[in-house]
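The structure appears right after this line, and notes come after that.
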Protein chains: 2
Amino acid sequence: MDTAAARVTGSLRQRVLTGELKPGEPLSQSRVAAEYGVSRIPARDALQTLAAEGLVDLGAFTAVVRGTSIAELQELYELREAVEPLLTRLAVPNVGRAEIAMMTSLLDEMASHPSAIDWLSANARFHALIYMRADRVRMIELTTQLRRLTDRYLYLHVDMFGDTGRLDVEHRLILEAAKAGDPAEVAELTRRHIAASHDFLLRHMLREPAPQEPAPR
Amino acid sequence: MDTAAARVTGSLRQRVLTGELKPGEPLSQSRVAAEYGVSRIPARDALQTLAAEGLVDLGAFTAVVRGTSIAELQELYELREAVEPLLTRLAVPNVGRAEIAMMTSLLDEMASHPSAIDWLSANARFHALIYMRADRVRMIELTTQLRRLTDRYLYLHVDMFGDTGRLDVEHRLILEAAKAGDPAEVAELTRRHIAASHDFLLRHMLREPAPQEPAPR
DNA sequence: AAAGCTAGATCTGTATACAGATTACCATAT
DNA sequence: ATATGGTAATCTGTATACAGATCTAGCTTT
C-alpha cells in the first residue's frame with residue numbers, strides 16, 4: 001500500500017536501524033509528523049508499528065528509540081539459534097536448483113564490497129532463499145524481525161564490517177551442504193554461523209562497553 | 001494505562017480468542033467503534049494491536065478475524081517446542097521455594113474444575129512461574145503470544161476440555177523435576193507436554209476437518 | 001544552596017470531518 | 001438466466017481540533 005503511514009514507517013525504520021536515530025532519542029508523534037509533513041495520525045501509526053517490531057519503546061509519555069544491551073543481544077541470538085536451524089532443517093529438502101543459483105549470485109554480490117546496507121540486505125536474502133522453502137510463514141516473519149534487530153547491533157556497535165571474509169567462508173559451506181541436500185548439516189552450519197556472529201558482536205560490545213546516552217536535544 | 005483503545009483491545013482479544021468472533025468475520029473500524037461507543041481512532045488502534053498479535057488479518061479493505069489451519073497450528077507448536085524448553089532450561093536454576101509454592105496452589109486451582117478461561121489462565125501462570133525466572137523478557141513475550149494463539153485453537157476446536165487429567169499428571173511431573181532442580185529434565189518434560197497438546201489438538205481437528213466459514217451476515 | 005511550587009510548553013488520546021477507494025446491490029441488456 | 005454497468009452504501013486514510021496529562025523552567029521559600 002502507498003500510505004503516508006507506510007512511508008514514515010519505512011523511513012523511520014531505516015533511520016533507527018542504521019543508528020541515525022540513536023537509542024534513547026525521543027520520537028514524539030508531533031515532531032515526527034512535522035518532520036515528514038503529515039498529520040499526527042500516520043506518525044502515530046508508524047510509531048506503533050515500530051514498537052511492535054521492537055525498534056521503539058512506547059513509553060508512558062513519548063516514544064523513544066529502543067536501547068541496546070548485551071542481555072538483549074544474548075536473547076535475540078538465543079532465539080535465532082533456536083529458530084533458524086529448525087527452519088533450515090524443514091526447508092533444505094525443498095531447496096532446488098533455482099535457489100542454489102540465486103544464492104551463488106548473491107555471494108558474488110556480497111563479495112563485491114557493497115555498502116553496509118546492501119551487504120546486509122544480500123545476506124538476508126541469501127538465507128531467506130533457504131528459509132522460504134520451509135513453508136512456514138510465521139517462523140519466517142519472526143526470523144525477519146529477529147534478524148532486523150540483530151542487524152541494528154551491527155550498525156550501532158561495529159563501524160567497519162570486519163569479518164566478511166569469515167562470513168563468506170561460512171556461506172560457501174552452507175551453500176555446498178544445501179547443494180548436497182543434507183538438512184542436518186545445513187542446520188548445524190547455520191547454527192554455528194549465527195553463534196559466530198553473536199561472539200563477534202559480543203567481543204565488540206565488551207570492548208566498547210558504554211551504552212550510548214540519549215542524544216542531547 | 002486506562003485508555004479506550006486498551007479497553008477495546010482487551011475485549012476484542014477475548015472475543016476472538018473464545019470464538020465469539022469467528023474466523024473470517026469482518027471487523028471494520030466503524031462497526032467496532034460504534035459497538036464500543038468510541039471514535040474510530042481507538043478502534044483502529046485496537047485492530048492494529050490485534051493484527052500485530054496475529055489474531056486479526058489487516059486485509060486490503062477491512063480487518064478480518066484470522067482463520068485457523070492445521071498448517072498454522074503445526075508452525076505454532078514447532079515454535080513453542082523450540083522456545084519453551086530453552087526458556088525452561090535457563091530458568092530452572094533460578095526457581096526457588098516461592099515459585100514451587102505458587103505452582104502447587106495453581107495446580108489445585110486447575111483441579112477444581114474452573115471455567116475454560118480460568119483453567120487456561122491458571123495453566124499459563126503455572127508455566128510462566130518457571131519462565132519468569134529465565135530473565136528473558138523478549139522470549140517470554142514471544143511465548144505469551146504463541147500460547148495465546150494456540151489457546152485459540154482449543155476454544156475453537158475442542159468443546160469440552162477432554163484431557164485435563166493427562167495435563168495434570170504432566171504438570172506434577174514438571175513440578176517435581178523443578179523442585180529437584182534438574183533443568184534438562186524439566187525442559188524435556190515441557191517439550192513433551194507441548195507436543196502432547198499438539199497431538200491432542202491435531203486429532204480433534206482432523207476429526208472435524210471443515211474450517212468454519214465466515215459467519216453469514 | 002537545596003527543595004518545593006507554579007505557569008507555560010509539550011505531548012498524547014480521542015472526537016469529528018472529508019475525500020478517495022472499495023464493495024454491494026440492483027436494474028438493464030443480452 | 002447470465003452478464004454488465006452504474007449508483008448508493010461502506011470503509012479507510014488522513015487532517016484538524018480540543019481536553020487532559022506530563023514535563024520543564026524558573027521563581028519562591030527555607
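Side chains included, hydrogens not; waters and symmetry mates left out as well; all remaining heavy atoms used. A note on names: the letters A, B, ... follow the listed sequences, proteins ahead of strands, and every chain is numbered from 1.
A salt bridge does not link B:E84 to B:R89: none of the charged side-chain nitrogens sits closer than 4.0 Å to a carboxylate oxygen.
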Going through the distances and angles, do B:R15 and B:E35 end up as a salt bridge (charged side-chain N to carboxylate O under 4.0 Å, His left out)? CA-CA 13 Å; B:R15 293 171 67 192; B:E35 185 170 356; 3.2 Å; yes
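Note on A:S39: every side-chain N or O is 4.0 Å or more away from OP1 and OP2 of D:dT14. For the OP1/OP2 pair of C:dG13 and a distance below 4.0 Å, the side-chain nitrogens and oxygens of A:R44 include at least one atom meeting the criterion. At the phosphate of D:dC11, OP1 or OP2 sits under 4.0 Å from a side-chain N or O atom of B:S28.
Taking atom CZ on B:R7 and atom P on C:dT14, their separation rounds to 8 Å, with Å as the unit. The distance from atom CD of A:Q48 to atom C1' of D:dG13 is 14 Å, rounded to the nearest whole Å. A:L27 places its CG atom 17 Å from the P atom of C:dT10, with the value rounded to the nearest Å. Nucleotide C:dG13 holds its P atom 10 Å from the CD1 atom of A:I41, rounded to whole Å. B:R40 places its CZ atom 14 Å from the C1' atom of D:dT16, with the value rounded to the nearest Å. Across the protein-nucleic acid pair, B:D2 atom CG and C:dT12 atom P stand 19 Å apart, rounded to whole Å. One atom, OH of A:Y36, and another, P of D:dG13, lie 20 Å apart when rounded to the nearest Å.
Listed nucleotides D:dA17, D:dT12, C:dT16 differ in distance to B:S30; the shortest reach to its side chain belongs to D:dT12. Between C:dT14, C:dC11, D:dC11, one nucleotide has an atom nearer to the side chain of B:F61 than all others, and that is D:dC11. In this structure, the nucleotide among D:dT14, D:dC11, C:dT14 sitting nearest to the side chain of A:A4 is D:dT14. Comparing D:dA15, C:dT12, D:dT14 by their closest approach to the side chain of A:V38 singles out D:dA15. When the nucleotides C:dA15, C:dC11, D:dC11 are ranked by their closest atom to the side chain of A:R31, C:dC11 comes out on top.
Contact of the A:V95 side chain with the A:I100 side chain is registered, since non-hydrogen atoms from C-beta on lie closer than 4.5 Å.
Between B:P42 and A:Q29, the residue whose closest nucleotide on DNA chain C is further toward the 5' end is A:Q29.
Within the 3.5 Å criterion, the main-chain N or O of B:T150 finds no donor-acceptor partner in the side chain of B:Y77. A:D45 places no side-chain N or O within 3.5 Å of a backbone atom of A:A5 that could act as its donor or acceptor partner.
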